[in-house]
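Notes for the one structure printed next.
Order of appearance sets the numbers: ligands from 1, and atoms from 1 within every ligand. All values reported here derive from a predicted model rather than from experimental measurement.
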Amino acid sequence: MVETGMKGVGGSVCPSPVGNKSPNSGAEKSPEEPKVQFKQDLKSVLVTSVLNLEELDVDLYRGTHHWVPRTQRLFGGQIVGQALVAAAKSVNDNLYAHSLHCYFVRAGDPKVPVLYQVERTRNGRSFTVRSVKAIQHGQPILICQASFQMIQPSPLEHQFTMPVVPQPEDLSTVEELIRIHLSKPDLAEKLRQGLNKLLANEVPIEIKPVQPKLFSNFFKAVPKKLFWVRARGYIGEGNMKLHCCVAAYVSDYAFLDTALLPSPKYRAQFSASLDHAMWFHTTFRSDEWMLYECESPWAGGCRGLVQGRLWRRDGVLAVSCSQEGVLRVKLSKL
Ligand SMILES: CC(C)(COP(=O)(O)OP(=O)(O)OC[C@H]1O[C@@H](n2cnc3c(N)ncnc32)[C@H](O)[C@@H]1OP(=O)(O)O)[C@@H](O)C(=O)NCCC(=O)NCCSC(=O)CCC(=O)O
């Protein structure tokens, strides 16, 4: 088990009802991840800092920020991840998050920490529910309900099939793709500045787009994108509660802009997630590559709906997500 310093977010791996049976096991085996030395040495900042909440009182925690988006409002994934950490601290070790539902009701202020107040809504025989309020300046910025369940195997099991895509070893990271763009001598200066800003970002997530073209948002496309994603640094096996909190962080990144893909002539003037829901199906490692399959079935009324699936690379559906966001757009000059 990983030593996280996170009381209550420890525990063993969750053998969930959907189980650990890999659709790919016994058939084609995924190539083993090469042991990259720095990844083993460098513990994920998500574990050491972002999700390492300070306990102020019973069911009251304080969280600080690591990376703040250029919008200068707190990253939604950080707030959801921290809220889930706070909720998980108040449940028994034999209970695992299976879902959460959140509303982002105010922009988070990066200048001050966030307080997380947990209400023990109900303890049941199988299911336990917690409500968490994330507070800044005396007012809620996020309300979150998280539900936990004890391990209950069931004969009822099915899942969709994971899309067939190139393996992460055969794809470039976002940073590598940006450097390729930057090496082009005819690159517009404004775009160069924007790309350099992106490179300077210290997002604790690594991404390898399956369709790199779509990440530039210049091409009209169906509202669907796929990318491999993992937390930067080492987290390790064994702490499933922590991996769920990291997945909550990761799942909000580059999610909502899936709704912009069919309309490349517009760019978002104001975009923010309004709500976020997640369902955790089985065990996974958030510091290992997972395929994020994002699609947007609908956009309208200055809002976009996005749905996502996080696949383990052995073909197991690990997490499902949904989000609606506000999207106020203007004609793009590029
Ligand atoms: C969504 C809102 C903004 C609610 O919208 P409201 O319109 O009620 O709020 P508001 O404060 O009155 O307005 C917010 C901004 O929208 C503008 N605005 C409001 N109504 C408008 C209208 N009808 N037409 C044009 N603009 C309008 C306001 O002028 C203001 O712009 P100005 O600001 O220019 O004055 C709020 O609930 C909120 O901030 N929630 C938190 C959302 C959030 O932070 N989510 C997580 C981060 S998002 C994220 O992490 C995604 C990450 C990713 O995609 O990678």
- Could any protein non-hydrogen atom be found less than 4.0 Å from atom 45 (N) of ligand 1? yes

- Task: Assess Phe270 for proximity to ligand 1: is some non-hydrogen atom of it under 4.0 Å away?
- Result: yes

- Considering only non-hydrogen protein atoms, determine which one is nearest to atom 36 (C) of ligand 1 and report residue, atom name and distance to 0.1 Å. Val105 O, 3.8 Å

- Message: Can you tell whether the side chains of Arg313 and Glu169 come within less than 4.0 Å, N to carboxylate O?
- Response: yes

- Message: Need the ligand 1 atom indices (1-based, order shown) with element for anything under 4.0 Å from a heavy-atom of Gly76.
- Response: 46 (C), 47 (C), 49 (C), 50 (O)

- State whether the side chain of Arg232 and the backbone N or O of Val45 hold a donor-acceptor pair below 3.5 Å, judged by distance alone. no

- Note on the structure: Note: Arg106, heavy atoms under 4.0 Å from ligand 1, region reported as backbone

- Query: What's the shortest distance from atom 40 (N) of ligand 1 to any protein heavy atom, and which residue and atom give it?
  - Reply: Phe104 O, 3.2 Å

- How far is atom 4 (C) of ligand 1 from its nearest protein heavy atom, and which residue and atom is that? Leu274 CD2, 5.0 Å

- Side-chain donor/acceptor of Ser131 to backbone N/O of Glu119, under 3.5 Å: no

- Short check: is a protein heavy atom less than 4.0 Å from atom 55 (O) of ligand 1? yes

- Item | Asp275 (side chain) donor-acceptor with Gln323 (main chain) under 3.5 angstrom | no

- Message: Tell me whether ligand 1 is touched by Asp252 - counting only heavy atoms on the residue side and a distance under 4.0 Å.
- Response: yes

- Task: Using a distance threshold of 4.0 Å (strictly less than), state whether atom 2 (C) of ligand 1 has a protein heavy-atom neighbour.
- Result: no

- Query: With backbone taken as N, CA, C and O and side chain as the heavy atoms from C-beta onward, which portion of Leu74 lies under 4.0 Å from ligand 1: side chain, backbone, both, or neither?
  - Reply: backbone

- Task: Flag atom 28 (C) of ligand 1 as yes if some protein heavy-atom distance to it falls below 4.0 Å, otherwise no.
- Result: no

- Query: Nearest protein heavy atom to atom 32 (P) of ligand 1: under 4.0 Å?
  - Reply: no

- Please check if a non-hydrogen protein atom sits closer than 4.0 Å to atom 20 (N) of ligand 1. yes

- Nearest-neighbour protein heavy atom for atom 48 (S) of ligand 1, which is reported as residue plus atom name and distance: Ser273 OG, 3.2 Å

- Is the distance between the ring centroids of Phe127 and His98 less than 6.0 Å? yes

- Task: For atom 50 (O) of ligand 1, decide whether some protein heavy-atom distance is shorter than 4.0 Å.
- Result: yes

- Message: Given Glu293, which partner from the list Gln307, Lys225, Lys224 fulfils the side-chain contact (heavy atoms from CB on, under 4.5 Å) test?
- Response: Lys224

- Provide the closest heavy-atom pair for Leu56 versus Leu115 in the form atom of the first, atom of the second, distance. CD1-CD2, 3.5 Å

- For His181 and Leu187, indicate whether the former's side chain and the latter's backbone hold a donor-acceptor pair under 3.5 Å. no

- Item | Among Tyr292, Phe227, Trp67, side-chain contact (heavy atoms from CB on, under 4.5 Å) partner for Tyr253 | Trp67

- Query: What is the minimum heavy-atom distance between Met278 and Cys321, and which atoms define it?
  - Reply: CE-SG, 4.1 Å

- Note on the structure: min-distance protein heavy atom vs atom 24 (N) of ligand 1 -> Arg328 NH1, 3.7 Å

- Counting N and O atoms only, with roles assigned by atom type, does the side chain of Trp279 sit under 3.5 Å from a partner on the main chain of Ser322, one being a donor and the other an acceptor? no

- Query: Can you tell me which residue and heavy atom of the protein come closest to atom 43 (C) of ligand 1, and the distance to 0.1 Å?
  - Reply: Arg73 NH1, 3.2 Å

- Message: Please report whether atom 8 (O) of ligand 1 has a protein non-hydrogen atom at a separation of less than 4.0 Å.
- Response: no

- Are Lys184 and Asp186 within salt-bridge range, i.e. N to O under 4.0 Å? no

- Query: Which atoms from ligand 1 have a heavy atom of Ala254 less than 4.0 Å away?
  - Reply: 55 (O)

